[in-house]
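Comments concern the structure below.
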There are 2 protein chains.
Amino acid sequence: MPATERRELILEAAAKVFGERGYVGATTDAVAREADVSQPYVVRMFGSKAALFEAVLTRSLDRLLAMFRDAAAAFEEERATDPETELALCIGRNYVDLLRDRGILLSLMQAFMLGADPEIGPVARAGWMRVYRCLRDEIGLTSEEVVGILDRGMLINTLVGLRLAADWDDPDVSEMITTAMPQKAGIVRALADERG
Amino acid sequence: MPATERRELILEAAAKVFGERGYVGATTDAVAREADVSQPYVVRMFGSKAALFEAVLTRSLDRLLAMFRDAAAAFEEERATDPETELALCIGRNYVDLLRDRGILLSLMQAFMLGADPEIGPVARAGWMRVYRCLRDEIGLTSEEVVGILDRGMLINTLVGLRLAADWDDPDVSEMITTAMPQKAGIVRALADERG
DNA sequence: GTCTATACCCAGATAGAC
DNA sequence: GTCTATCTGGGTATAGAC
C-alpha cells in the first residue's frame, strides 16, 4: 500500500484513539492496532507520538473549517428558495454530520483541554483562533453570532465525549439531548445504537 | 497535621493537576509535590490513583451544585429590589467566581471527555445528569433554559482549559473572551495576569 | 501519619532483518 | 515499507522503617 494512503488510514485511527483517551492516555500501540499496522511503524512514519498528535490536529482543523465553508455555501443556495433559512441552522446540521467520525471533533476537544501544556497549549490556542476568525471573517458572522455557534458546539462536543447517548433509555438523558440538538436527535440516537 | 485537613489539601492539589493534565497525564507524584507530601502517601491515603480521581470528582460536583443553589438564593434576594434581575446572569456571575479554583471545573471537564472509558464513563455521565437534574428540578428551570446555561458553561470551560486568556494581547482573543463573558472579562484578565 | 527505597509494569522509541 | 525484538524511562503501587 502506498505510504500516503497508509498515512491517511493511520491519521484516522489516531484521531479516534486520541479523541477517546486523550493525548496522554492514547498509546501508539492502540493506534497501530486500530490501523492494522505495527506500533513501531506508526512511530516511524510520524517521528514521535507528539508529531502524530499535531498531524491529527491539523487534519481535524482542516476538516472542521471545510465544513463551515460548505455549510455557508449550502446556506446561500438554500436562501434562493427559502428566504427564512438561517446560517446557524445550516452549520448545526453539518456539525452533527461531522460527528459520524467522532475523532475529528473529540481530538480537537482533547487538545483544547490541554492549554496548560507548554507544547500543546500554543498549538491548541492557535487552532481555536483559526476557527474563530474563519467564522467571523470568512463566513461573515458578528462576534456575538460566532460565540453563539461555539457555545452550542462545545456543549455538543461534551455530550459526545461523555457518550451520553449510551444512556438514551433514561428519559432525562433523551430530553436533554433532544433539547440540545432538536433537528438531529434522531441521528445521534441511531449512531449511539449502532456503536453501542 | 490531622488527616482530614491533609486530605482536603491533597484533594485540592489533585483537582488542579487532574484539571491541567487530564486523568492519565496527571501523575500521583505531581499531586504529591503540589500538596507537599510524598508520592506514596497520596496513593496510601486514597488507595489508588483511580480512587483519588473519583474523590476529586465528587468534591468538584458538590462544589458546583452548591454554587448553583447559592446563585438561586442570591437571585431570590436580588429580585426583591430589582424585579428585572435574571437567574441566568446570577449563575453566570457565580460560575466565573468558581474559576478562581480552576481545578473544580476542569477536573470535571476532563472526566466528561473520557466517557468512552469503561470505569470513568459511567461516573462522568451520572455526574453530568446530577447537574442537569439539579438545575431543572431544584432550581426550577425548563430544559431549554438548562441547556442554555450548560452550553455557555461548556464554552467557558473550554476557554479556561485552553488558557486562552494568556493571549489577551491578541485583539481577536480579547474580543472573543469579552463577547463570551461580558460581565466578567475583567476578572478573567486579572486572573490570567496574576497566574501568567 | 509520613517517609525512603524499591519492585514491577507499560509505553515510546530504536535497531536491524526482510 | 513493514515487521520482530528489545532497550529505556517513568509512573503506580508496595514494603517497611521511624
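Within every chain, numbering begins at 1; the chains are lettered A, B, ... in the order of the sequence lines, protein sequences first and strands thereafter. What's counted below: heavy atoms across the whole structure, side chains too, no hydrogens, waters or symmetry copies.
Proximity of a side-chain donor or acceptor of B/Gln110 to a complementary backbone N or O of A/Met113 within less than 3.5 Å is detected. Looking only at distances, no side-chain donor or acceptor of B/Arg189 sits under 3.5 Å from a matching main-chain atom of B/Trp168. Distance alone, capped at 3.5 Å, places no donor-acceptor pair between the A/Glu194 side chain and the A/Leu191 backbone.
Here the C1' atom of nucleotide C/dT14 and the NZ atom of A/Lys49 are 17 Å apart, to the nearest Å. Whole-Å rounding puts the B/Met45 CE to D/dT14 C1' distance at 17 Å. Rounded to whole Å, atom C1' of C/dG12 lies 16 Å from atom CZ of A/Phe53. Taking atom CZ of B/Arg44 as the reference point, atom C1' of C/dT2 lies 9 Å away to the nearest angstrom. A/Arg21 has its CZ atom 10 Å from the P atom of C/dG12, to the nearest Å. Rounded to whole angstrom, the span from the CG atom of A/Leu9 across to the P atom of D/dG1 amounts to 15 Å. Across the protein-nucleic acid pair, B/Leu52 atom CG and D/dT12 atom P stand 10 Å apart, rounded to whole Å.
At the heavy-atom level, A/Met1 lies under 4.0 Å from the strands shown only through sugar-phosphate atoms.
At the phosphate of D/dG1, neither OP1 nor OP2 sits under 4.0 Å from any side-chain N or O atom of A/Arg6.
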### Query
Could you go step by step and tell me if A/Tyr95 and A/Asn157 meet the side-chain hydrogen bond (donor to acceptor under 3.5 Å, both in side chains) rule?
CA-CA 10 Å; A/Tyr95 198 83; A/Asn157 286 354; 2.7 Å; yes

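Residues from residues 24-43 of chain B that place a heavy atom under 4.0 Å from any atom of DNA chain C, listed by number: B/Val37, B/Ser38, B/Pro40, B/Tyr41. Contacts between residues 111-123 of chain A and DNA chain C, defined by a heavy-atom separation under 4.0 Å, are absent.
Between A/Glu8 and A/Arg63 there is a salt bridge, with a side-chain nitrogen of the basic residue lying less than 4.0 Å from a carboxylate oxygen of the acidic one. Remark: A/Arg136 engages B/Asp172 in a salt bridge, criterion side-chain N to carboxylate O under 4.0 Å. Between A/Glu86 and A/Arg93 there is no salt bridge, since none of the side-chain N atoms of the basic residue sits less than 4.0 Å from a carboxylate O of the acidic one.
Residues B/Glu144 and A/Thr179 bring no donor and acceptor atom of their side chains to less than 3.5 Å of each other.
Between the side chain of B/Arg7 and the base of C/dG1 there is no donor-acceptor pair of N/O atoms closer than 3.5 Å.
Cation-pi check for B/Lys49 over B/Phe18 is not met; the charged atom does not lie both under 6.0 angstrom from the ring centroid and within 45 degrees of its normal.
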